[in-house]
Amino acid sequence: MNWHKILKLAKQEHPLAISMLVDQACPFPKTTSKALWRSGQLELWLEAQQTPPLRDPCLAYLQTGFQNLATPTINQVHVFCCITNHTNIVWHQVIQLKAIPASHLMQP
């Protein structure tokens, strides 16, 4: 699959294409990703073969990438980081890309 097709599919919020983009441009060695939709939320799982990427630089990189992707409905991304063949999550963070619409806020 060529780069333009992957980018087009990622802009259409296709999880495999998003994973391919993250993996292609990832500055963190020996780290792969898997994107998936769960309960209407985009999750991005980062799997490191050894030392996981540091949370803050990784989140800054991902936030910039998702903002540049400018998808129509991804408002936030749940990012999980783990080590290959381990079940424990090393860190988890939600990246907020767009303001939450007032209609989604709970009323008192």
Side-chain angles (χ1 to χ4, degrees):
M1 191 177 310
N2 71 39
W3 181 253
H4 294 292
K5 178 124 177 143
I6 293 169
L7 184 57
K8 181 179 179 181
L9 288 170
K11 285 182 179 275
Q12 294 171 353
E13 303 174 359
H14 189 283
L16 180 58
I18 291 171
S19 292
M20 292 173 78
L21 280 181
V22 171
D23 289 348
Q24 180 97 19
C26 186
F28 308 103
K30 299 181 181 179
T31 301
T32 58
S33 69
K34 179 181 179 185
L36 58 104
W37 288 98
R38 188 186 318 258
S39 301
Q41 298 290 325
L42 181 65
E43 292 183 2
L44 183 67
W45 287 82
L46 301 175
E47 188 174 280
Q49 289 181 11
Q50 296 172 358
T51 305
L54 295 174
R55 189 174 86 175
D56 291 343
C58 186
L59 292 172
Y61 162 77
L62 291 170
Q63 181 154 7
T64 299
F66 277 104
Q67 287 173 331
N68 290 339
L69 191 58
T71 61
T73 62
I74 298 176
N75 296 324
Q76 60 184 13
V77 181
H78 293 260
V79 182
F80 299 86
C81 184
C82 60
I83 297 175
T84 305
N85 298 322
H86 290 250
T87 57
N88 294 340
I89 295 171
V90 177
W91 55 261
H92 165 245
Q93 184 74 39
V94 177
I95 299 174
Q96 192 69 41
L97 300 171
K98 301 173 186 170
I100 299 172
S103 62
H104 288 92
L105 297 176
M106 295 181 66
Q107 300 295 324

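Because only heavy atoms are used, hydrogens play no part in the values below, and waters and symmetry mates are left out as well, while side chains stay in.
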Identify the two heavy atoms, one from [X] and one from [Y], that lie closest to each other, and give their separation to 0.1 Å.
X: Ala17; Y: Ala10; result: CB-N, 3.5 Å
X: Trp45; Y: Leu36; result: CD1-CD2, 4.0 Å
X: Glu47; Y: Ile83; result: CG-C, 4.3 Å

Counting heavy atoms not belonging to [X], are there more than 12 under 6.0 Å from its [atom1]?
X: Asn2; atom1: CG; result: yes
X: Lys11; atom1: NZ; result: yes
X: Leu7; atom1: CG; result: yes

From the options [options], select the one residue that forms a side-chain contact (heavy atoms from CB on, under 4.5 Å) with [X].
X: Ser33; options: Cys26, Ser19, Cys81, Pro15; value: Ser19
X: Ile95; options: Leu44, Leu42, Leu59, Asn75; value: Leu59
X: Trp37; options: Glu43, Glu13, His14; value: Glu13

Open item on the list: Assess the residue pair Leu97 and Val77 against the criterion (side chain to side chain contact (heavy atoms under 4.5 Å, CB included)); give the C-alpha distance rounded to whole Å, side-chain angles, the decisive distance to 0.1 Å, and a yes or no.
Closed with: CA-CA 8 Å; Leu97 300 171; Val77 181; 3.9 Å; yes

Open item on the list: Classify the ring geometry of Phe80 against His92: parallel below 30°, tilted from 30° to 60°, perpendicular beyond 60°.
Closed with: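 Parallel: the ring planes of Phe80 and His92 meet at under 30°.
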
- [ ] Could you list the residues that satisfy side-chain hydrogen bond (donor to acceptor under 3.5 Å, both in side chains) with Thr64, not counting sequence neighbours?
- [x]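 Listed in chain order: nothing, the list is empty.
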
Open item on the list: Is a donor from one side chain sitting under 3.5 angstrom from an acceptor on the other, for Asp23 and Thr32?
Closed with: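 No donor-acceptor contact under 3.5 Å links the two side chains.
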
